[in-house]
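Structure record follows, encoded as structure tokens.
Just the heavy atoms: all of them, side chains too, but no hydrogens, waters or symmetry mates, feed the values below. Numbering of residues begins at 1 and proceeds along the displayed sequence.
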Amino acid sequence: KAFLNYLIPRPTTLPDIRVSSSGPIDVNQINLGTEYSFRFLGKPKNKADAHERIEMTASELAKALGATKVTGVDDPKGHGHGLGLKFLVTDENGQKWRVEWDGIQRYYRDGRAIAPKGGHIEIPSPKAAPQDMEQIRKLFEVNRSLGQVPSRVAGGAHINIDLQPFYGLPEKEGARKFVNFLNQFENNREMIQFLWQHPYRTAAAFPLEMTPSLKTKLNAFNGTWDDLARLLYEEKYFNPYVGRKPGYTQLNVTALMSGLVPEAYQQTIDIKNPRTDWFPAFGGKGTDRVELRLFDAPSDE
């Protein structure tokens, strides 16, 4: 399939990303945030090497987007291990793109992460409702010019969806509509997974079991956001496995449960640290969005 795709000429024009929307909400106006990932051309040998490449990527992306500034960010708790690097690119519309180091390989000494290397570049887009492909095209062109391309097996390019359109409705109506959204995903999950998720990525995006109890309670649901949070938490609509994070599911809705999670679980964790006792770490993500972790990175724009 990869060879056949190689033989097909690249399209001269990119598709319209807007979709027909006849319902009460225009889905083209829903704010999204897409987390793109690109693999280095040769893995960084150390943090200084990674810093140089990520700063270069941020600088080139800034030029392409007409950005006003590039700012380095100190992130001592980033990704649970604090080894990361992060730059903010503020584009011409004042929107901030993050350019950061993720998937870092590391060793441990006395429970402390050392000797970081490897990894990849992650670039989360600003929270916005994109209307065309222009910024996406520039993002891919910049990385391609630096020899940095996505890897389908390794994944990337997954989407965060703003919860505000649900929260903005009367409480019970908004919570019920979110249940409809969740049911729509689960009813079509196998086809969605087939289309959008690489089969090697289920460890980081685990399909959850819809138990008869959960199905019955969701279908009959007529409560508040707190009621929905309690239902999803008690029915374990999250990744429950030791060594994994609760958000490692195909549809990560742990943001809805944040008010119910015990305080000890509201932190993030370095799950690779041999000196760290595992706990279900619900922290590390915002509470204003849900995440579709369907890792199957498109190879180009």
Please table the atom pairs, donor to acceptor, closer than 3.5 Å between any side-chain atom in residues 253-263 and protein atoms at least two apart or in another chain.
unit_1 : atom_1 : unit_2 : atom_2 : d
T254   : OG1    : N252   : OD1    : 2.7
S258   : OG     : A255   : O      : 3.1

**Q.** Over all atoms of both residues, closest heavy-atom pair of P246 and A281
**A.** CD-O, 3.2 Å
Q: Give the cluster check for V99 versus V149: same hydrophobic cluster or not, with ILVMFWY residues linked at side-chain heavy-atom distances below 4.5 Å.
A: no
Q: Starting at OG1 of T57, measure out to CH2 of W97 and round the result to the nearest 0.5 Å.
A: 13.5 Å
Q) When rounded to the nearest 0.5 angstrom, what is the spacing between CD in Q197 and CG in L292? A) 10.5 Å
Q) Considering residues at least two apart in sequence or located in another chain, which fulfil the side chain to side chain contact (heavy atoms under 4.5 Å, CB included) criterion with N93? A) D91, Q95
**Q.** For N187, all residues meeting side chain to side chain contact (heavy atoms under 4.5 Å, CB included), sequence neighbours excluded
**A.** N183
Q.
Check E134 with R137, please: is the shortest side-chain N to carboxylate O separation under 4.0 Å?
A. yes
Q: Flag the pair D16 and R18 as a salt bridge only when some basic side-chain nitrogen lies within less than 4.0 angstrom of an acidic carboxylate oxygen.
A: yes
Q) With sequence neighbours left out, what residues match Y248 under ring-ring contact (aromatic ring centres under 6.0 Å, His included)? A) none
Q.
Donor-acceptor pair, distance only, cut-off 3.5 Å: does the side chain of R152 make one with the backbone of S299?
A. no
**Q.** Atom of D226, atom of E171 and distance for their closest heavy-atom approach
**A.** N-OE2, 4.5 Å
Q. Is a side-chain N or O of W278 found less than 3.5 angstrom from the main chain of R244, in a donor-acceptor match?
A. yes
Q | Minimum-distance pair of heavy atoms, taken over all atoms of N46 and K117 | A | N-CB, 4.3 Å
**Q.** From CD (Q135) to CD (E92), nearest 0.5 Å
**A.** 7.5 Å
Q: Write down the atom of Y233, the atom of F238, and the distance for their closest heavy-atom approach.
A: O-CE2, 3.6 Å
Q.
With side-chain contact (heavy atoms from CB on, under 4.5 Å) as the criterion, how do N28 and V19 come out once you've worked through the C-alpha distance, each side chain's angles and the decisive distance to 0.1 Å?
A. CA-CA 7 Å; N28 298 295; V19 299; 3.8 Å; yes
Q: Could you state whether L41 and W101 fall into the same hydrophobic cluster, counting links through intermediate Ile, Leu, Val, Met, Phe, Trp or Tyr residues with side-chain heavy atoms under 4.5 angstrom apart?
A: no
Q: Pick out which of R112, R275, R106 makes a salt bridge (charged side-chain N to carboxylate O under 4.0 Å, His left out) with D270.
A: R106
Q) Would R53 and D49 pass as an ion pair if we require N to O under 4.0 Å? A) yes
Q: State whether the side chain of N273 and the backbone N or O of G111 hold a donor-acceptor pair below 3.5 Å, judged by distance alone.
A: yes
Q | Remaining members of the apolar cluster that contains I114, side-chain heavy atoms under 4.5 Å | A | Y107
(Q) Testing the 3.5 Å rule here: is there a donor-acceptor pair between the side chains of E60 and S145? (A) no
Q. Quick check: does any side chain N or O of R293 sit under 3.5 Å from a backbone N or O of A204, one acting as donor and the other as acceptor?
A. yes
Q.
To the closest 0.5 Å, what do you measure between CZ (F87) and CD (E55)?
A. 4.0 Å
Q | Separation between CE of M210 and CG of L182, rounded to the nearest 0.5 Å | A | 6.0 Å
(Q) How close do D277 and I269 get, counting heavy atoms only, and between which atoms? (A) O-CD1, 4.1 Å
Q) Roughly how far, to the nearest 0.5 Å, is CD of E186 from CD of Q250? A) 7.5 Å
Q | Same apolar cluster: I136 and L14, side chain cutoff 4.5 Å | A | yes
Q.
Going by the rule ring-ring contact (aromatic ring centres under 6.0 Å, His included), which residues pair with Y265 if we only count those two or more places apart in sequence or in a different chain?
A. none
Q. Taking atom types as modelled and ignoring hydrogens, do the side chains of D288 and Q164 form a donor-acceptor contact shorter than 3.5 angstrom?
A. no
Q. Does the gap between the ring centers of Y36 and H120 come in under 6.0 Å?
A. no
